[in-house]
Each structure stands twice: as structure tokens, then as C-alpha cells.
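This report refers to the structure that appears directly beneath it.
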Amino acid sequence: MLDSLLEPAVIFFALGLMAGLLKSELRIPEAIYELLSIYLLLGIGIKGGLQLAKASFDTLILPLIGTLFLGIIIPIIAYLILRRIGRIMRPDAAAIAAHYGSVSAVTFAVVLSFLDRTGVKYESFMTLLLTMLEIPAIAVAILIVRTRVSKGPLKLVTIFRELFLGKSIYLMLGGLLVGFASGPQRIGPVGVLFVDLQKGFLALFLLEMGLLTSRRLGDLRKLGPFLIAFGIAMPLLSALLGTLVGRATGLSLGGAAVLATMSASASYIAAPAAMRVAVPEANPTLYLTASLGITFPFNIVLGIPTYYWLAQLIYGIGG
Amino acid sequence: MLDSLLEPAVIFFALGLMAGLLKSELRIPEAIYELLSIYLLLGIGIKGGLQLAKASFDTLILPLIGTLFLGIIIPIIAYLILRRIGRIMRPDAAAIAAHYGSVSAVTFAVVLSFLDRTGVKYESFMTLLLTMLEIPAIAVAILIVRTRVSKGPLKLVTIFRELFLGKSIYLMLGGLLVGFASGPQRIGPVGVLFVDLQKGFLALFLLEMGLLTSRRLGDLRKLGPFLIAFGIAMPLLSALLGTLVGRATGLSLGGAAVLATMSASASYIAAPAAMRVAVPEANPTLYLTASLGITFPFNIVLGIPTYYWLAQLIYGIGG
Amino acid sequence: MLDSLLEPAVIFFALGLMAGLLKSELRIPEAIYELLSIYLLLGIGIKGGLQLAKASFDTLILPLIGTLFLGIIIPIIAYLILRRIGRIMRPDAAAIAAHYGSVSAVTFAVVLSFLDRTGVKYESFMTLLLTMLEIPAIAVAILIVRTRVSKGPLKLVTIFRELFLGKSIYLMLGGLLVGFASGPQRIGPVGVLFVDLQKGFLALFLLEMGLLTSRRLGDLRKLGPFLIAFGIAMPLLSALLGTLVGRATGLSLGGAAVLATMSASASYIAAPAAMRVAVPEANPTLYLTASLGITFPFNIVLGIPTYYWLAQLIYGIGG
Amino acid sequence: MQTSKRTLLTIVSEATIERFLVDAVKRFGAHGYTIVEARGAGSHGVRTAEEEQDRSIRLEVLCERSVAENILEYIEKNYYRNYAIIGYLSEVEVIRANKF
Amino acid sequence: MQTSKRTLLTIVSEATIERFLVDAVKRFGAHGYTIVEARGAGSHGVRTAEEEQDRSIRLEVLCERSVAENILEYIEKNYYRNYAIIGYLSEVEVIRANKF
Amino acid sequence: MQTSKRTLLTIVSEATIERFLVDAVKRFGAHGYTIVEARGAGSHGVRTAEEEQDRSIRLEVLCERSVAENILEYIEKNYYRNYAIIGYLSEVEVIRANKF
Ligand SMILES: Nc1ncnc2c1ncn2[C@@H]1O[C@H](COP(=O)(O)O)[C@@H](O)[C@H]1O
Ligand SMILES: Nc1ncnc2c1ncn2[C@@H]1O[C@H](COP(=O)(O)O)[C@@H](O)[C@H]1O
Ligand SMILES: Nc1ncnc2c1ncn2[C@@H]1O[C@H](COP(=O)(O)O)[C@@H](O)[C@H]1O
Ligand code: NA
Ligand code: NA
Ligand code: NA
């Protein structure tokens, strides 16, 4: 576990975080953030598409259904916890639920990198599951908004645009298509740039994520103790659900650890953009600070090894 | 032919195009466009310079003369067609002629990539020919402007600046110099970054080009049927001329296909910049939409395989 | 020596310089400059950290002390020369001294690349020495400012922020940490991106540096003959000191050439930022033009081979 | 020099709602607009423009007083409550007044 | 506080002709200018700033009324017809008026 | 439409001292500010924004006249001598005046 702290990506994240907290002059232009996130989303998709090209689809059906189930159930559970236990206001609860229902692509990339290094195998269709987890989660959150929060000038077409044409889903699905259609024979230097070098650019992106996280930490006191606790407890709960669903739908131990991690991860690209438009009354400080200031660093540093250990435990019990 | 649609670069282009047409939130900052085009222009030059380092120059003379001839004749033909058949106004006709006389470096990179994959050889000095096609084409267009269009506050020195110091010619010639002077022994990691990884970055650039093309498609109706037809017929005509000149000057089949493709390609970096200053009266919507909205996608998706097939045909007849 | 002019990096620099002087339209957005300098500073650190991971630390002590000594003595010598011989005003003299005391990371990367290609070995802790040269140099310059220049609203805490949290020191030390902690086993694709490809990106950065240098050349006449001469004489003197200290502290010939080059190099990232705040009365045109317009190109093109030759001479005499 | 009075409406807003603002500008009859990327701070906290959610824009519309007022009123009603947004008006002089 | 009136000339133009505009600003005697990158829309269509041809700039010149009028007049005569460009004047107050 | 007068202070400065300027803006009681990246030229020469040292910012503060004057006075006293910086005031109209 301590070992995972020596990963370049984790050190890069810590460097960015410290630079931000110490008010270093380090500054990453927004254009670079944009470039790196486009690159990573495409790359995650392409890597998944290449793996998918050699997947057998009969093993896919059950995990796919399980993932869709997680995408529906996690935001509902999150909403209920936020309302019942946390007494969070409806718009905020709905928006936060959307974030914890959907996923963080970078956290996904980090868990794959963790398993690759540890030498643990996982199913070749995990990236497809990643996108399949994202879509119902945001849709459910919007449904909650429509039924529980005052409606305002919300148009369904606008929302579906956010959903399918948001940058992250679009690029990951696009990358999946590139990887799947091209296959290993045709992918050539595109594969070198987007897959082989991915961990290098991921490290650089984590430097930036560290900076962004540091900006959010200043708002921690605005969250209050309940939301801070939620930012750690919710991913643990989601990870447990993810592992159990993985186990129940026949995923390997590695696959279950990945599904657990995606379930545990919280969105900071797709969900914020969608929620800003769908629930303008919700306070962005709350969902961004919880997702980016607490859950993201928790997952990167402690969460991933924990979820792997959890999967080992559950698979050990059953096996 | 359908096979070429599965190329990563082509899928990337389609993804960008679709993102633009569906009004996805995908947005590539201008700084990234600039970085990628500088990288590609240098890389195209370096790749050419490395090849040139091992070229035998006695086989270069005839194709070089042929290329200069194409650079003179194509914009004149284009201008005449635009004026006589299309009844396009003089400034617009001159500006459009400049675009179809000069070249698209990205289209060039795509045809090389197509031939490399197909396993077809081509001469090692094609990049040099590329720059040699660009310069007379823009010069001839400016001459047309000076003789056929009202002159305005046009200074020759300004124009020559556009010609030789425009970003695209300057960087391609610079890259040629780097590749030629360094040679394969010294190029090392510079070669890895600029040549080996080129297709990876080219794919990313095509995503951006797809977005840009989508912006232009909205202006299609402003073009009218003649210019739309011209945007497809002119490249076919230029490709035919290019193939014939290639054949006549002793190029290999692959070389002729490359020369045909460059002839068929239309500029969207050098020519627009030069024409905006040389013929301010010309309407940029016309030449940008024709070049970027019609000819570029046509060449990338259908043109290149067609020109290769054309070269096979012509070389078959002769052989 | 002429041979070193054929290096891709040097040609790239010349291309940038010429583009600027000829007023080409080539334009590199600031975001790209930022990206490349972050990348290079991290990469220089990582490369150094990987080497450090296999260094034996008993050979480090003496060179480290020697380097700290250089970091203290060079800015003092520079200040005295500027005041006594050049009659430069105090604020300007102090600010210029800071620039010549501290280092240029890009020049450092170029000398390593020069020695790698020439096949000359150097110690594995040179990058650590680089950061150790930078810190005392800026601290001494600030001390000079505090004692010799009117103080103004200068707060020590502000200055120490500039020192340790300035982008360049922070990223190089951060990179060192990444390289050292990860080691060759864990560094993987991060190493490929940041170390193996470094010379490729360095070349691109030098294109940009050429452009920036060209902007400064226009201000040459504002420098006056003394400062122009200083911009060449001071690096030669510092290089001599660096070589002697290297020799005296037991560095290898290659190590001494590197230490000489760092001593000779002048800062254009850390020092300008720190001096603009510490000595606002100093005229930035003077220190930027001397450092970026004269010393940087001199070092890249002529200085490095000269310092290597100097080291050979001094080691020959002694050996 | 012959100039005419027009009103310049300046809006600084979070970038998320750019397309809604541009739609409003067109709907109320302005003939153009200019946007620059911005960052800043206000009652909704610091916006550093380091990531998508934190980007701001500065939107200018040169138009007749009544159009500017209509746009500003519409924006106040629909966006002031929930978004980081401000707007202000100033009087400027243009040539070719029929353009605006 | 002692302030003086000066005129602020703002020009929004396609970026292609930046160097001509800057030359004009200097030629008519202004002592400085400020440029920011912009995008927008007007009678020449939407300019998204996504590529070189589509970039716009917003140029400000703080100077005496007569200088501002001269620059604007010159630009109107030479560039309004063929380029995507607008300009407007506003009155502002400066300190250290001799700078402008 | 009911509007109130406020003063818009615009400062164009080299980017190096951004944090000092922002501190001053807050200290004198303004409730917000807007920054855009800029380049330009003035008595301190051309600033092309190509590298860190050459970046400029354009800072706008919407506030009461007295606050604007205090900020401008402070900046004049502390930064005009040694830095590339200018400032000017203009009168604008706002809604929700209590925000500013
Ligand atoms: N007093 C002010 N002066 C200048 N800009 C302001 C001011 N207040 C707010 N802004 C800008 O408007 C945005 C939204 O303001 P707010 O809704 O007050 O957070 C801020 O992020 C600033 O860019
Ligand atoms: N009414 C307007 N308000 C603000 N900016 C405008 C307006 N009209 C035009 N512009 C700007 O000026 C540029 C050129 O205008 P035009 O020549 O009308 O296309 C546009 O791209 C906009 O950035
Ligand atoms: N007359 C002017 N009009 C507009 N902007 C100016 C003017 N003078 C100076 N500036 C801006 O203010 C910055 C600093 O001015 P200065 O201190 O005169 O060099 C310049 O880099 C310009 O961006
Ligand atoms: Na989740
Ligand atoms: Na052509
Ligand atoms: Na030095």
C-alpha cells in the first residue's frame, strides 16, 4: 500500500497539490488542461477498444447488466443518504448524487495502471462498462431533479445533449470506436501515442489535478462535517456494491476491483457540466469540493489499494 | 477503399466532424491547433529531409520541373474555369485559384501514410516537391490578382513575406533542413517525436480538422451548386494532371499518386493568409468553405484511394 | 565544433531566430511555451533523479560544496565587475548578477545531450548540483539588493517564495523526487515520455527560444558595448571557475564540463521572476537582453563546445 | 467626425451558459457580439479559469439602448440568481450607426 | 483625485490585419495600445477563433480625441469594406495625462 | 430600467504583479474583479505575451467612485514608477447596485 505512494503518478499528484497549497507560481494554462483531458479520454477509449477487439461477447452480457444496475442504484442511494442522513437540500443532494453515480476517467486509468503493475488481469471490456456506468447515472440524477426539484426552464433535449454529447462520454466512445475498428494491426503509431505513452501523460495530468484539488481544499470548511465524511464513506460503499456486483456477474477478481473503483469514483468533468445546467440552484462549491477535493485524492492515494484488498477479501470468502 | 475508412486518422476526422455537426461540447483551444500544426509541418519537413539525405539528385530534376509546371498551370486552369464556366467574380476567382494551386500538408501526410500501409514505394524527394508546388501556385495567384483585379494598397514585399515567411512553407523548409543536415545518425529522439509518432499526432489533428470542417459545412449553401461541384471536380482534374506529369517525368507509380494527391489538395493555411491580404475584396467564406468544407474531406476519405487507383490505371495503360 | 552546428536542436534554434528576425508569421502561443517548459523542467529533474538512484553519495559531498561555493561567488564577482568596471547602477547590477549566478535548465539539457552524443561520461548527480547552484545564487543576489539597493516594500517571505516556490526550482526538485523515488523499475512510460523523448521536445522548445531571442536582439543597442561584452566574457569566466572547482572537487572531465556550462549559463525563468519583485527599480530590458539575447545563444552555439575544450585542456594539464 | 450614440452592454459570466447568453443576444435583436476569455472573483467566489467549470467569459454587445436593457433584464431574471454573472451598461460613440 | 479626460478607441477586428492596425495606431501618434484575443459574430458571420483565419483581436488605444478620430477614420476608409472590423469611442479619465 | 452609476476602473499591467494588484483591490473594499490576458505596448516597450516575463493582464474593477480612486492612487504611488502599468476610470450603469 505504501508502495503505491511511490508511483510516479501519485508523486506527480502530490507535487501539484503541494504547489497549490504552498501557492507556488506553477500555473498550467487551461489550453493544456483541455489538451491533456482530450488525449486521456481518447486514449482510455482506444485502449479499451483494442482490448474489446479481442473480447468474447458472451461473457459481457451479465457484467453489462450489473453495471447498468449500479449506474441506477448508486445515485439513488447517494441521494437518499444525502437527504435523510445529511439533511442536504434537494437540488444539492440531486447534483451531488449525479457526481457519485458517474465516474472519473482518470481514476479508472490509475486503477488499470495499478493492476497492470501488480500483474493482476481484468476483463477486456472494462472501458465499455465505464461508459455504461456513466450514462444511466447522469440520467437517473436528472430524473431525480425532474421529480424532486422545481423544474425551471429545463429542456429534455438540452439534457440529452449534456449526456451523450458531453466531452467525456463522446471522446471515450469515439476512442472505443477507433480502437475497435482499427484493431492492433492498423493502430500503429496512434497506439504508441495514445496507449503506450498514456501513463506518461497521465502523470502530467495528475500534476494538474493536484493543483486543481488544492484550489478546492480551501472550500473544505464550506462543506461541513457531513459532506466531508460522505466524500469518503460513499466511495467505500459504492466500491463494496461494485465488488459484489462484479462477483455476482462473474467478473474476475481484477475486473471486480476495476468495477469497484469506477463505482467509487466521482465525476468532475461530465457531471459538473450537466448539473450546472440541469440544477442551476445547486451550489457547485459543494459538489466540486466533495468530488475533486475529497473523493478524487482519496481514491488515487488510498482508495484503489483498499478496493483491491476488498476484492481479494470478497473473492477469498467466496472461493 | 472501404478499408481506408477504418484508418484511425479517418475515424478521428469523422469523430471531429460529427462532434461539430451534433454541436457536442468538444472544444479544442486555438493554442493546441497551433501546436499541432507547427509540429506536423516540421515533422513533414523532417521526414522529407531524412529521405532526401539518401536521395540521388539526378532523378530529381525532371519531376522538379514537372512540379513547378503544375504549380503554374493548375491555378491558371482553376481561374479560367471559375471565371468562364462559373462566372465567379474576379477577386473570388483569383483567391480560390490560389487555394487549389497550393497544397494541404495534412492531406500529403495522409497519402504517405496510406501508401506506407499499402506497401507502395514512392520517391524520397516528395516533400521537396510539396514545397516546390506551393510557392509558384501562390505567386501565380498573386500575379493574376495584380493583372486582373483592382490593385488597392498592395505591396509586393508584403506578398513575398506571405509567400516565403508564411508559417507553412517556412516550417516545412526548416524541417527539411533539420532532417537533411542531421541525417539518420544524429536525428535520434527528434526523429522519434517528429517522424515515428507523426501518425499519432496526425490523428489528433484530424479530430480538430473534423471540427473545423463541420463549422464550414454550415456555409455550404452560400457557395452555390457551381462551387460545390468545383470543390470535387477540380481536385479530380488536378490529380489527373499530377499523375500524367508524374508519369511523364519518370516518377514511380507511388510517386505519381503522391504528386496527384498534392495537386488535388487545396491549401487552408498558407493560401488563406496570403489571399486575405492580397485580395481583401475576395470573400473568405467562399474559398474556406470550398477548400476546408468540401475538398479536404473529399480528399481524405475518397480522393486518396481514387488517385491511387487512377495512378494504377495510367501506369497500367502505359506499362 | 562545426559539427555541433548540425545538431537538430541547434538548427531548430536558428530556425526560430531567423523566423523572428525576418518577421515570419510563426507564432507559438504562450500556453505552449508554458507546457514545454513545465515538461522540460520535470524531465530534467526526472532524468537526474533516475541517475541519482544509482549514485554513490560519498563522491557527492565535495562537488556539492564546490557548487554551493560557485553559487555564492559567481553573483558576487558579477556584481563587482558590473559596478566597478561597467559603472552599472546598483539595482541593475544586482539584478544582472542574479541572472548570471543562477542557471538555464535548457542550456544544461543541451550540454548533457552534447556529451551523450560525444560519448563522454559525467557524474550521475549533476542535476542535483544544478538545483544547488540556483538557490544560493538567487539568495546572494537578494542579499546584495538588501544591503546595496534601497529596500522598498520588500518582504523576506515574498523572496523566499520566489526562491523555493518559483516554477523552475520547484519542478526540477519535484522531478528529481519522482525519478529517485520511482527508480528505473517503476518509471516505465513516464520515463519514455520525459526522458527518452526529451531531446525531441527540447528541439521544439529551442525553436521557441530562437523566437524569444530574436525579440531581445532588437534591444541590443539599449545594452551598450559594456553589457554586450559582459554577456560573453562573464560566461567564459564562470566556465573557467566551474571547471577549476570541478577539477578540485574530484569531478570527472565530463562532470567538470557540465559544471562549467551550468556556471556559464544565465537564468531566464527563475531569476527574472524573482528580480522583478525584489528589485523593481532594475530595468528588465538589461537583464533579459543580456541573458536571453546574448548569453543563451552564445552558450548553445559556441559556448558548450568551448567549455568542453576548456575542460579537456585543464584536465590535460593536470593529468 | 460624425458619430452616433450607442449602448455597450458588458456581461461577465461563467462560461457554462455562454450559448444561452448568445441566444438571448440574438433573440433581442443585437447584430453582433464579442467574447474574450476571462477569470476573476465576485460573490460566487474566485474563478481561476484553470478548468472547464471555472472558466468565465466577458461578452460585449454594442446596440441600441433599448436592446441592451432588454437583454440585461432577461439575463437578470433568468441567470442572476443561480450563476456567477454581472452586467453593466456604458454609453459609447460609433460610426456607421446602422450596423448596431 | 485629479483626472483628465481622454478618449478610449476600441477596435474589434479579424487578427489577420493586426500589424496594419498597430502600424496605424503608431503612425497617428498614440503612445501605446492593448490587445486581447477575442471571438464573436457580426455582419461577416461567426468568428470562433478556432483557427488562424478565425481569430479576432480587441485592440484598445487610449489617446487624445483627435488621435482616436484620425485612427478610426483611417481604419474605416481602408478596412471597413473588406474586413470583419468594428470600432467605437468612449470617454474615460486618466491620471498622468501626459502619457496618453 | 432602473440603473445606478458606478465607476469602472481598468488597469493594464505586467502580469508579474497580479497578486499585489488583486490584494489591493480587495483591501480597498471592492467586491470583485475581472481579469483577461493581454499584450500591448507603451512607454516600457512592446509586451508580446510570448513568455512569462512578457505577459500582461487587463484588470477591471466595478465599484464606487471613491474605492476606484483609492485603488488607482495606491497603484500609482507603488507601481507606476517601476512597472509597465496604466489605469483609467469610466462611468457605467449597473443593476443590483448593492453588489458593487
Ligand atoms: N466588482 C466587480 N468588478 C469586476 N468584475 C466583477 C465584480 N464582481 C464580479 N465580477 C465578475 O463577475 C463574475 C461573477 O460575479 P459574481 O456573480 O459576483 O461571483 C466574477 O467571477 C468576476 O469575473
Ligand atoms: N454589435 C456588436 N457588438 C459587439 N461586437 C460586435 C458587434 N458587431 C460586430 N462585433 C465584433 O466585430 C467583429 C467584426 O464585425 P463584423 O464586421 O460586423 O462581422 C465581430 O466578429 C465581432 O467580434
Ligand atoms: N495609450 C495606450 N493605450 C492603450 N494601452 C496602453 C497605452 N499605453 C500603455 N498601454 C498598456 O499598458 C501597458 C503598460 O504601459 P507602459 O507602462 O506605458 O509601458 C502596455 O504594455 C499596454 O498594454
Ligand atoms: Na461513481
Ligand atoms: Na493543389
Ligand atoms: Na550561471
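Throughout, a chain's letter reflects where its sequence line sits, starting with A, and its residues are numbered from 1.
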> Which region of A:Ile187, side chain (C-beta onward) or backbone (N, CA, C, O), has a non-hydrogen atom less than 4.5 Å from a non-hydrogen atom of chain B, or is it both or neither?
Replying inline: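 Backbone plus side chain of A:Ile187, per the 4.5 Å heavy-atom cut-off to chain B.
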> Checking A:Leu197 against chain B: side chain, backbone, both or neither under 4.5 Å from a heavy atom?
Replying inline: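 Only the side chain of A:Leu197 comes within 4.5 Å of chain B.
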Straight-line distance of [X] [atom1] to [Y] [atom2], nearest 0.5 Å:
X: B:Lys23; Y: A:Leu165; atom1: NZ; atom2: CG; value: 11.0 Å
X: B:Ser24; Y: A:Leu171; atom1: OG; atom2: CG; value: 7.0 Å
X: B:Leu15; Y: A:Tyr170; atom1: CG; atom2: OH; value: 5.0 Å
X: A:Gln185; Y: B:Arg117; atom1: CD; atom2: CZ; value: 11.0 Å

> Which heavy atom of A:Leu193 sits nearest a heavy atom of B:Gly200, and at what distance?
Replying inline: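 Looks like CD2-C, 3.4 Å.
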> If every non-hydrogen atom of B:Glu25 is compared with every non-hydrogen atom of A:Ala273, which pair is closest and at what distance?
Replying inline: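 Reported closest heavy-atom pair: OE1-CB, 4.3 Å.
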> So which pairs with a foot in residues 32-51 of chain B pass salt bridge (charged side-chain N to carboxylate O under 4.0 Å, His left out), sequence neighbours left out?
Replying inline: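 Those involving residues 32-51 of chain B are B:Glu34-B:Lys167, B:Glu34-C:Arg27, B:Lys47-B:Asp116.
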> Is the centre of the A:Phe194 ring less than 6.0 Å from the centre of the B:Phe201 ring?
Replying inline: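 Ring-ring flag for A:Phe194/B:Phe201: false, centres at least 6.0 Å apart.
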> Given side chains that start at C-beta, do those of B:Pro29 and A:Leu35 come closer than 4.5 Å, heavy atoms only?
Replying inline: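 Answer no - side chains too far apart.
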> Do A:Val190 and B:Leu202 have side-chain heavy atoms sitting under 4.5 Å apart?
Replying inline: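 Side-chain contact under 4.5 Å: no.
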Portion of [X] that has a non-hydrogen atom of chain A nearer than 4.5 angstrom:
X: B:Leu36; answer: neither
X: B:Ile32; answer: side chain
X: B:Ala19; answer: both

>> Which one wins on heavy-atom pair count under 4.5 Å against chain B: A:Val192, A:Leu42, A:Leu177?
In response: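 Most heavy-atom pairs under 4.5 Å with chain B: A:Leu42.
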